[in-house]
Amino acid sequence: MIQVPPYLRKGDIIGLVCPAGFMAKEKTDACAEILGKWGFKVITGKSVGNQFHYFSGTDEERLADLQQMLDNPEIKAILCARGGYGTSRIIDDINWKAFNKNPKWVIGYSDITVLHCHLFQKLRMASVHAPMAGAFADGEDEFVLSLKKALTGKVLSYSIESHPFNRTGNAIGPLLGGNLSLLAHLTGTPSMPSLKGAILFIEDVGEYLYNIDRMLLQLDRAGKLKSLAGMIIGGFTDNKDTITPIGKTAYELIADRISGYPFPVAFNFPVSHDKNNFALRAGMNHSLKVGNSRVSLTGKP
Amino acid sequence: MLRRNFLQRLGPLGATLAAAPGLVAFTNEPAAKRGPNPPYLKTGDYIGITCPAGTIDQKEARYAEVMLGRWGFKTKLGNTIGKNWNHFAGTDEERAADFQQLLDDPIVKAIIFGRGGYGTMRMMDKVNWEGFKKNPKWLVGYSDITAFHCHINRNFGIPTIHARMAGGFGTIEDESEISLRDTLSGKPQVYRWGRDILNREGLGEGILVGGNLSLIYAMQAGPSELDTTGKILFIEDVSEYKYTVDRMMMNLKRSGKLSKLAGLIVGGFTATKEDGEGYFTISMNEIIFEKVKEYGYPVAFGFPAGHQRPNLALKFGMQFQFNVSKEDCVLAEPSGLNPMMPVSFGHDTITAPIDSLPFPL
């Protein structure tokens with residue numbers, strides 16, 4: 001059974017950290033302000049605004065900041081302010097003891113896919129795949145607001161138009177996934193879930209089209225696609241191509257790659273590095289319905 | 001430095017290595033799956049050329065034919081030469097069929113691939129290896145062809161050759177081609193190259209495996225995943241961001257691929273892309289060394305192979321001795337280090353005067 005951290009109530013404290021790439025502190029201001037408006041208190045970790053080359057501190061500094069947020073029982077959720085790269089450099093040194101006793105929500109996407117997968121695979125813990133601090137800069141749009149719903153225990157129900165590449169059908173299973181590059185990065189490591197019976201969602205940004213194909217082929221050859229209950233294809237934005245074009249779009253490559261499987265598939269779901277990025281409770285059971293005209297994804301608290 | 005080393009003979013070092021096997025760090029791991037060695041080539045043998053990934057044109061194939069002809073080999077061109085299907089030299093099925101035909105043709109004693117790019121992994125699972133397992137032949141390539149190297153090493157233990165491919169031959173024979181010619185003809189490989197500040201000294205012995213890091217990574221957890229236990233691992237890559245290399249190395253580390261090596265050899269990491277965010281300031285070698293610093297096996301940077309000149313031939317799936325000392329690094333097949341025989345060294349057979357070679361050493 002999946003462990004579900006307690007949902008947040010007014011007055012609860014949310015910790016802001018940067019476990020990977022660095023982020024200027026002022027870029028988290030809008031996020032802290034809106035979280036405050038929602039009735040939460042915000043504690044900003046030392047890693048926010050800190051910088052060690054590419055990273056928001058040395059591995060030791062980032063680890064220590066995340067660790068104290070995990071261990072502090074007053075903090076009810078940890079919002080990773082940004083991704084980039086670096087979470088997997090510290091994940092094996094995290095002590096999960098206190099967190100496991102007093103679970104809390106871990107929030108983020110992109111590089112934070114490492115945490116979502118690790119939490120599911122090693123601790124059977126739910127987490128929230130959602131917009132990070134940068135997304136709050138434009139105010140409370142429906143995507144930012146979806147995080148509030150996710151954290152406060154509302155039913156998450158998203159309904160979108162069907163895409164011509166969709167494969168119709170219904171699926172129920174734990175919702176897992178995130179950034180395709182990070183899923184490939186976790187393949188073969190102890191953090192990677194089996195994905196058997198799961199609804200897998202994927203998205204990516206700035207990748208070469210051939211690499212999108214290669215990463216999906218890697219997941220397939222590693223047996224990660226064959227037993228899925230369903231698949232959700234989010235945004236593949238800012239794709240790059242080789243001098244000799246691969247001749248297909250990202251969605252065409254993905255559709256080809258999974259054409260042999262029977263599970264339902266929904267393309268163009270609003271989970272991405274773009275603005276369109278709804279909060280999803282990773283690890284928890286969801287119901288995916290792919291019909292001829294509409295697609296719905298529903299996750300109960 | 002490199003040039004002088006290439007022209008030096010191994011001398012006493014080779015003798016020391018061969019005469020004192022007790023110094024060599026043998027691992028206690030059981031021997032990996034070990035298939036038969038493909039027979040070395042004789043004058044008049046046929047070499048097939050096919051494109052499992054990107055394509056080469058007729059002109060490039062002609063250059064390769066001329067060069068292989070000079071070496072005394074005949075060529076058999078596959079029908080993927082000059083074929084184009086988007087990024088690839090034909091559909092996955094067409095590329096698999098072309099390779100299959102040359103693989104199963106008893107006349108063909110070796111296959112040199114046209115070029116890398118991307119696509120080997122897409123056609124590889126369509127190949128029937130039964131004939132190859134019974135009658136192995138040398139398969140030659142690098143970069144995307146690492147998919148074959150990994151798959152064959154993991155599943156059949158049959159040696160393969162990591163070397164320049166037909167599309168890269170051009171009109172001039174350099175050390176890369178000559179090392180391939182010597183390798184195909186059965187000359188034991190003995191390489192010596194210069195030291196690097198980050199090298200870790202030591203002796204190791206094991207089967208050499210590896211290739212392009214991105215492809216080794218893409219094989220992870222699948223049916224072609226490399227077993228690196230007790231092996232000497234060679235890696236190279238091209239046009240990657242530093243953070244991507246860090247991420248790939250973290251994957252190998254976290255999946256246990258780096259903890260039980262007999263040695264690590266780092267080839268070229270070339271044409272590295274500028275990170276968009278500009279802050280990944282440590283060097284590529286530092287990124288790599290960081291992932292293996294806690295282990296004890298020898299590590300050597302700067303082996304001249306990869307997406308660069310020279311790109312010296314390496315035999316994967318075969319036993320090598322590896323010595324990293326203060327002065328230099330040596331990678332040699334044990335048969336190349338017999339102290340009773342004059343030490344054979346691949347590069348003293350270069351036919352052109354070395355100063356006339358069109359590239360800096």
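In what follows, every chain begins at residue 1, and chains take the letters A, B, ... in the order their sequences are listed.
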So OG of A:S88 and CG of B:D246: to nearest 0.5 Å the spacing works out to 7.5 Å
Rounded to the nearest 0.5 Å, how far apart are OG of B:S224 and CD of A:Q218? 11.0 Å
Counting only heavy atoms not in A:K46, do more than 12 fall under 6.0 Å of its NZ? no
Is A:R257 close to B:R122 at the side-chain level, that is, under 4.5 Å between some pair of heavy atoms? yes
What residue in A:G206, A:G223, A:S181 has the most heavy-atom pairs under 4.5 Å with chain B? A:S181
Once you round to the nearest 0.5 Å, how far does OH of B:Y241 lie from OH of A:Y54? 10.5 Å
When rounded to the nearest 0.5 angstrom, what distance separates CD1 in B:I282 from NE2 in A:H53? 7.5 Å
A:K196 atom NZ, neighbour heavy-atom count above 12 within 6.0 Å: no
I'd like to know whether B:Y118 forms a side chain to side chain donor-acceptor pair (under 3.5 Å) with A:D213, so could you lay out the CA-CA distance, the side-chain angles of the two residues, the decisive distance to 0.1 Å, and finally the verdict. CA-CA 10 Å; B:Y118 168 61; A:D213 189 59; 2.6 Å; yes
Sort B:Y217 into side chain, backbone, both or neither according to what part of it lies under 4.5 angstrom from a heavy atom of chain A. both
Euclidean distance, A:H185 NE2 relative to B:T244 OG1, rounded to 0.5 Å: 10.5 Å
Side chain, backbone, both or neither: which part of A:Y85 has a non-hydrogen atom closer than 4.5 Å to chain B? side chain
With a 4.5 angstrom heavy-atom cut-off, is it the side chain or the backbone of A:L219 that approaches chain B, or both, or neither? neither
Here the gap from A:L217 atom CG to B:M219 atom CE, rounded to the nearest 0.5 Å, amounts to 7.5 Å
Residue part contacting chain A, namely of B:M124, when any heavy atom lies under 4.5 Å: side chain
Is the backbone of A:P245 close enough, under 3.5 Å, to the side chain of B:H87 for a donor and an acceptor to pair up by distance? no
Assess whether atom NZ of B:K293 is packed by more than 12 heavy atoms of other residues, nucleotides or ligands within 6.0 Å. no
Provide the closest heavy-atom pair for B:N86 versus A:T244 in the form atom of the first, atom of the second, distance. O-CG2, 3.6 Å
Smallest separation among heavy atoms of A:G188 and B:S255, with atom names: O-CB, 3.0 Å
Applying the side chain to side chain contact (heavy atoms under 4.5 Å, CB included) test to A:R89, which of B:R247, B:E290, B:R254, B:K253 qualifies? B:E290
Honestly, the part of A:L182 sitting under 4.5 Å from a heavy atom of chain B is side chain
Largest heavy-atom contact set with chain A, pairs under 4.5 Å, which of B:G119, B:G222, B:G256, B:A218: B:A218
